[in-house]
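Please read these numbers as outputs of a predicted model, since none were measured by experiment. Per chain, numbering begins at 1; letters A, B, ... match sequence-line order.
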Protein chains: 2
Amino acid sequence: MVRVMPRLLIADDHPLFRAALRQAASEHLDDCSVREACDLQGVLDALATDPDIDLVLLDLHMPGSQGLSGLAAMRGQYPAVAVLVVSAHDEPHVVRRVLDHGAAGFIPKSANPGEISEAVHAVLNCGNWLPPALARSVAALPSNPADADLAARLARLTEQQYRVLALLAEGLLNKQIADRLGIQERTVKAHATAIFEKLGVRNRTQAGVLLHMLDLGEPGASAAAS
Amino acid sequence: MVRVMPRLLIADDHPLFRAALRQAASEHLDDCSVREACDLQGVLDALATDPDIDLVLLDLHMPGSQGLSGLAAMRGQYPAVAVLVVSAHDEPHVVRRVLDHGAAGFIPKSANPGEISEAVHAVLNCGNWLPPALARSVAALPSNPADADLAARLARLTEQQYRVLALLAEGLLNKQIADRLGIQERTVKAHATAIFEKLGVRNRTQAGVLLHMLDLGEPGASAAAS
DNA sequence: CCGGCCATCGTACGAAAGTACAACAGGCTC
DNA sequence: GAGCCTGTTGTACTTTCGTACGATGGCCGG
């Protein structure tokens, strides 16, 4: 049975799609609380301020999160919160990686409201959910041990450490990271050292590469100053 | 018409598959010269010693080259040589990227000999070739300008600079790179500066990230010293 | 209440990175 | 042959990184 008063968080950078998700998700729930977020920071803030959230409907492509990095950050900080990934990337190998990084289910953006409602119910009952067609394809794909390893390493990072890592991986200097986070360069160094230790790497370049392994196909139009 | 005495290079790390490709490719060619390579270095060496190579059948997954990096290196050094990519990654968005990086065509590993022969003929006649089914899917995908930009930047690199970049992106120290290439650390620094300038980045971390944008899904089981 | 984890910051130091001034040899083209 | 690009190396310098010893205060669970 569905828990009383489930609390949902809908994370998508598209307001219209958030509304559609909200509608479909709450359709067959007697009573529920729904929050929304439009970027990764908003998701983490919501989880920090509202520790009773049960389920997050997460779009993979949001400001502050390309690929699986948003999912990794969430799973690291709040392992108890279930995540239903919603994405247009419905290739089997992508879904495989999503599940390996701890998502409880996957909803293609092409799904109809009935499927979304079904998925939400299944996951709230502590289960998993995949579209039947995808479930078959994904089952055939081996789980990549490198991905599980990556997830385990990233899960050890603190929230702040994760923020530092994200900026580190963009090639920013320690001083720039310090300014961006409103702290001293010394503190950034302390975080960096902790990050390297937890990730098992020896310098910022390797850390950056490790983080960027969470990207899926499609290169994001990223920084390049001429 | 097919040029007289076309010269092919078959690059795949699987000897058996190389043989199959050789067989299929030369099937309907009256006369041709075929070389083989089993890793990226072998490909570059072959191209360096034999400037008359017309066409390379390139597997995307080879020692020294994950994802598109091998293709990028070839296209940068030898823009005149046609490349037919052979890969099991037959997802449309992967093929889209392959073409954006200058490949003349794409052959799924599931292709039959007839198709391979057809593809080789088409490309030798200065044309392109895709399996009909893929051609439709790929045409629907927009060409990602970020990919074209990436290809343009990488094409400006020298062969040696590319080697340095590859090691740089693994997080190696300048000294380690120097040892690996049998040159002085000072020289590595010179290459690094040139690389940063050509790629439009400001440090090795950003360069590494840029190179790793050539990766396709599946994280390679990469380095991690504990 | 206390031990542990976390974030914050301080000083100092060695190592590495990156830049600026070079130079010389080889190959290529015009 | 002159000019250009590439690869190579040298010295010297500034900046950044990474780590070493610290310290303080907040928060949380036993």
To the nearest Å, give me how far apart [atom1] ([X]) and [atom2] ([N]) are.
X: Glu185(B); N: dG10(D); atom1: CD; atom2: P; result: 11 Å
X: Asp179(B); N: dT9(D); atom1: CG; atom2: P; result: 12 Å
X: Leu165(B); N: dT6(D); atom1: CG; atom2: C1'; result: 17 Å
X: Leu181(B); N: dT6(D); atom1: CG; atom2: P; result: 18 Å

Practice task
Starting from the first five and the last five pairs of the helix from dG3(C)-dC28(D) to dC30(C)-dG1(D), work out the angle between the resulting helix axes, to 10 degrees.
Solution key: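 Roughly 40°, once rounded to the nearest ten degrees.
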Using a 4.5 Å cut-off on heavy atoms from C-beta on, say whether the side chain of [Y] contacts that of [X].
X: Asn144(A); Y: His93(A); answer: no
X: Gln41(B); Y: Arg163(B); answer: yes
X: Thr205(A); Y: Leu168(B); answer: no

Problem - Start and end of the DNA chain C segment that chain B contacts, any atom under 4.0 Å from a heavy atom - result: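 The contacted stretch runs from dA16(C) to dC21(C).
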Practice task
With sequence neighbours excluded, give me every salt bridge (Lys or Arg N to Asp or Glu O under 4.0 Å) pair touching residues 119-128 of chain A.
Solution key: none
Practice task
Just jot down the salt bridge (Lys or Arg N to Asp or Glu O under 4.0 Å) partners of Asp179(A), sequence neighbours excluded, or say none.
Solution key: Lys175(A)
Practice task
Return the set of residues passing salt bridge (Lys or Arg N to Asp or Glu O under 4.0 Å) with Glu197(A) (not counting sequence neighbours), or none when no residue passes.
Solution key: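 In terms of salt bridge (Lys or Arg N to Asp or Glu O under 4.0 Å), with neighbours along the sequence ignored, Glu197(A) is linked to no residue.
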Handout entry: Which atom of Lys109(B) lies closest to which atom of Asp59(B), heavy atoms considered
Key = NZ-OD2, 3.5 Å
With sequence neighbours excluded, what pairs up with [X] under the side-chain contact (heavy atoms from CB on, under 4.5 Å) test?
X: Ala169(A); answer: Leu211(A), His212(A)
X: Arg75(B); answer: Leu71(B), Val83(B)
X: Ala73(B); answer: Tyr162(B)
X: Cys38(A); answer: Arg18(A)

Problem - Partner residues of Lys189(B) under the side chain to side chain donor-acceptor pair (under 3.5 Å) criterion, sequence neighbours left out - result: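 Lys189(B) satisfies side chain to side chain donor-acceptor pair (under 3.5 Å) with no residue once adjacent residues are dropped.
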Handout entry: Pairwise 5' ranking along DNA chain D for Thr205(A) and Arg186(B), keeping only the more 5' one
Key =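 Here Arg186(B) is the residue nearer the 5' end.
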Fill in the blank from the handout: So, with a heavy-atom separation below 4.0 Å from DNA chain C, the residues of residues 155-163 of chain A are Thr158(A), Gln160(A), Gln161(A)
Listing time: all N or O pairs from protein to nucleotides 13-15 of chain D that are below 3.5 Å?
none

Practice task
Could you tell me whether the phosphate oxygens of dC17(D), OP1 or OP2, come under 4.0 Å of any side-chain nitrogen or oxygen in Arg204(A)?
Solution key: yes
Handout entry: Asn174(A) vs dC17(D): side-chain N/O to OP1/OP2 distance below 4.0 Å
Key = yes
Handout entry: Sidechain N-carboxylate O distance under 4.0 Å for Asp147(A), Arg97(A)
Key = yes
